[in-house]
Number of protein chains: 2
Amino acid sequence: MEKTHGCIHEGEHHKGTQDKCVSLVPIFNHLEEGQMDEIMNTARSIIFQKGEMIYQAGEQSDALYLVNKGKIRIYRLSESGKEQLVRILRPGDFTGELALFNEGVHESYAEAMLETLVCVIKRTDLQKLLLKYPTISLKILSEFSNRLDQSEKQTTRFATEKVETRIAMFLAECIDAEKDSHEIVLPMSKKDLASYLGTTPETVSRKLADLEQDGLIKQKLHKKIEILDLDGLLLV
Amino acid sequence: MEKTHGCIHEGEHHKGTQDKCVSLVPIFNHLEEGQMDEIMNTARSIIFQKGEMIYQAGEQSDALYLVNKGKIRIYRLSESGKEQLVRILRPGDFTGELALFNEGVHESYAEAMLETLVCVIKRTDLQKLLLKYPTISLKILSEFSNRLDQSEKQTTRFATEKVETRIAMFLAECIDAEKDSHEIVLPMSKKDLASYLGTTPETVSRKLADLEQDGLIKQKLHKKIEILDLDGLLLV
DNA sequence: CGAAAGATTGAAGAATTTCAAACGGGGTGG
DNA sequence: CCACCCCGTTTGAAATTCTTCAATCTTTCG
């Protein structure tokens, strides 16, 4: 029986979209026109509806997924079955890589948060591309080392900081992303944020209230938060 | 003023040792004789005494370090200055890679735990090797994705499991390493273990006592622990 | 409009840290 | 070779942080 999957389009039929898809992704955007075409021809694009799974833990991995449009929730289950949100993918991000170079089995779950368009490159095609264009490997190595760094930093935060500090640091990083403005929009629900930060929705709610009480932030409608005192936030 | 550093030997003068050093490392051990020689000629070996730093956070990164003999403690400081032990390197492991492919600045600290021999490959030499032998990149990609997986799994554990469970899981993984025997030797002090697991030495001490009380383990001399009930341990 | 999911708040309880004190073992210098 | 000292370890008690459970409120979305 078929598992839930998205609607498939052959790459050749959507060169316009494909072009944008591949060139969006940092690991490919240094290549020349002809090389890009070659990659486009090995890729196909798939649309996933909200709630559909791109892959699940335990499944055989056989492709790299490049996000073209939409958002994807990557989460894990711990040995004892509790869920943790690992990251959210946006256009330009990619996933599936862990299993590609590993034993080939996914360790995490990837779920479309809304209608999402992804480009798919099959494992065998990717391996050929990597050997043919070694600079792609260097790009992926760079991306991996970034992610590894991020992941280790996150681990260190869990290991050494209390919840309120982790929340404050998260808010501060949102500021970096939306430069200039001191108003951020939470990129996820507070429930997901709690999962991402390794705590409960109740605690997130309370700690945000505390931060507001202390005059460091101001919560507004629609997940918007104004940062009143960034320096103070980082001292929490 | 010179910072603390190890004693330097030119690679050419130690072919015997070099050979062992490079071939020990999984990312190179698939290469042919001649290629191995080429790498050996670009590497040099350095000895660090106990307590010496191989590198520190904030320093410019310019080399890959392959551990030949000894042990290296990799740790991070959180934004608020608290230390966390990230991993311990043993012969065959390598480090320095994060900064190599990233912005070039170390995010962690590497300290020799005892007299330690490392092979060093300079950044520029490595880049050349990677472009010349694309299979090395694939090996490193594989190693990276393993580490990333490990790191994310660790993060998920911090996010979802309580201390006692994390300790139990750690012990269970030690069993995997020392197969057959049900007696493990803690690879580090309980103080370091606490740092690695994101807790305090007091809590480690207490939780181990609890596990012993419950008949799941038996603590012996010299960091040795006998696992009496592996299944029970994983249910904690 | 109404159901379902997310968010907030309070109160009780559990888990963990912190501080303090005492103990032990391994390594070093005499 | 022994004694001493330092550092890691253990244990206790108090304090803190966080979770859990339950009830209520709000928002979203069909």
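In what follows, chains carry the letters A, B, and so on, assigned in the order in which the sequence lines appear, proteins first and then strands, with residues in each chain numbered from 1.
Partner of A:Ile217 under the side-chain contact (heavy atoms from CB on, under 4.5 Å) criterion, out of A:Leu230, A:Ile225, A:Ile184: A:Ile225 alone.
Classification of B:Arg87 and A:Glu152 as a salt-bridged pair holds, one side-chain N sitting under 4.0 Å from a carboxylate O. The pair B:Arg73-B:Glu83 meets the salt-bridge criterion, with a side-chain N (NZ, NE, NH1 or NH2) lying under 4.0 Å from an Asp/Glu carboxylate O.
The side chain of A:Lys162 contributes an N or O atom lying less than 4.0 Å from OP1 or OP2 of D:dT17. The phosphate of D:dT20 (OP1 or OP2) has no side-chain N or O of A:Thr200 nearer than 4.0 angstrom. In this model, the phosphate group of C:dG6 is not approached by any side-chain N or O of A:Ser189 to a distance below 4.0 Å at OP1 or OP2.
In this structure, B:His222 places its NE2 atom 18 Å from P of D:dG8, rounding to the nearest Å. The CG-P distance, from A:Leu114 to D:dT28, rounds to 15 Å in whole Å. Rounded to a whole Å, the CD atom of A:Glu161 is 18 Å from the P atom of C:dT16. In this structure, B:Leu193 places its CG atom 21 Å from P of D:dC7, rounding to the nearest Å. If you take CZ of B:Arg206 and P of D:dA14, they are 13 Å apart, rounded to a whole angstrom. Rounded to an integer number of Å, the gap from B:Lys223 NZ to D:dG8 C1' is 9 Å. Spacing between atom CG of A:Asp192 and atom P of C:dA5 amounts to 14 Å, rounded to whole angstrom units. What separates CG of B:Leu221 from P of C:dG25 is a distance of 8 Å, to the nearest Å.
The side chain of A:Thr199 lies closest to D:dT19 when the candidates are D:dT19, C:dT16, D:dT11. When the nucleotides C:dT8, D:dT10, D:dC18 are ranked by their closest atom to the side chain of A:Lys190, C:dT8 comes out on top. For A:Thr203, whose side chain is taken as the heavy atoms from C-beta onward, the closest listed nucleotide among D:dT28, D:dC18, C:dT16 is D:dC18. Candidate nucleotides D:dC18, C:dA7, D:dG8 were compared by shortest atom distance to the side chain of B:Lys191, and D:dG8 ranks first. With distances taken from any side-chain atom of A:Ser205 to the nucleotides C:dT8, C:dG10, C:dT16, the minimum falls on C:dT8.
A:Ser78 and B:Thr156 share no donor-acceptor pair across their side chains, judged by distance under 3.5 Å alone.
Side chain A:Arg166 to base D:dT17: no donor-acceptor pair is found below 3.5 Å.
Nucleic acid contact class of A:Lys50 (heavy atoms, under 4.0 Å, all strands): none. Within 4.0 Å of A:Lys207, counting heavy atoms only, lie sugar-phosphate atoms of the nucleic acid but no base atom.
A cation-pi contact, defined as under 6.0 Å to the ring centre and within 45° of the axis, is absent between A:Arg76 and B:Phe158.
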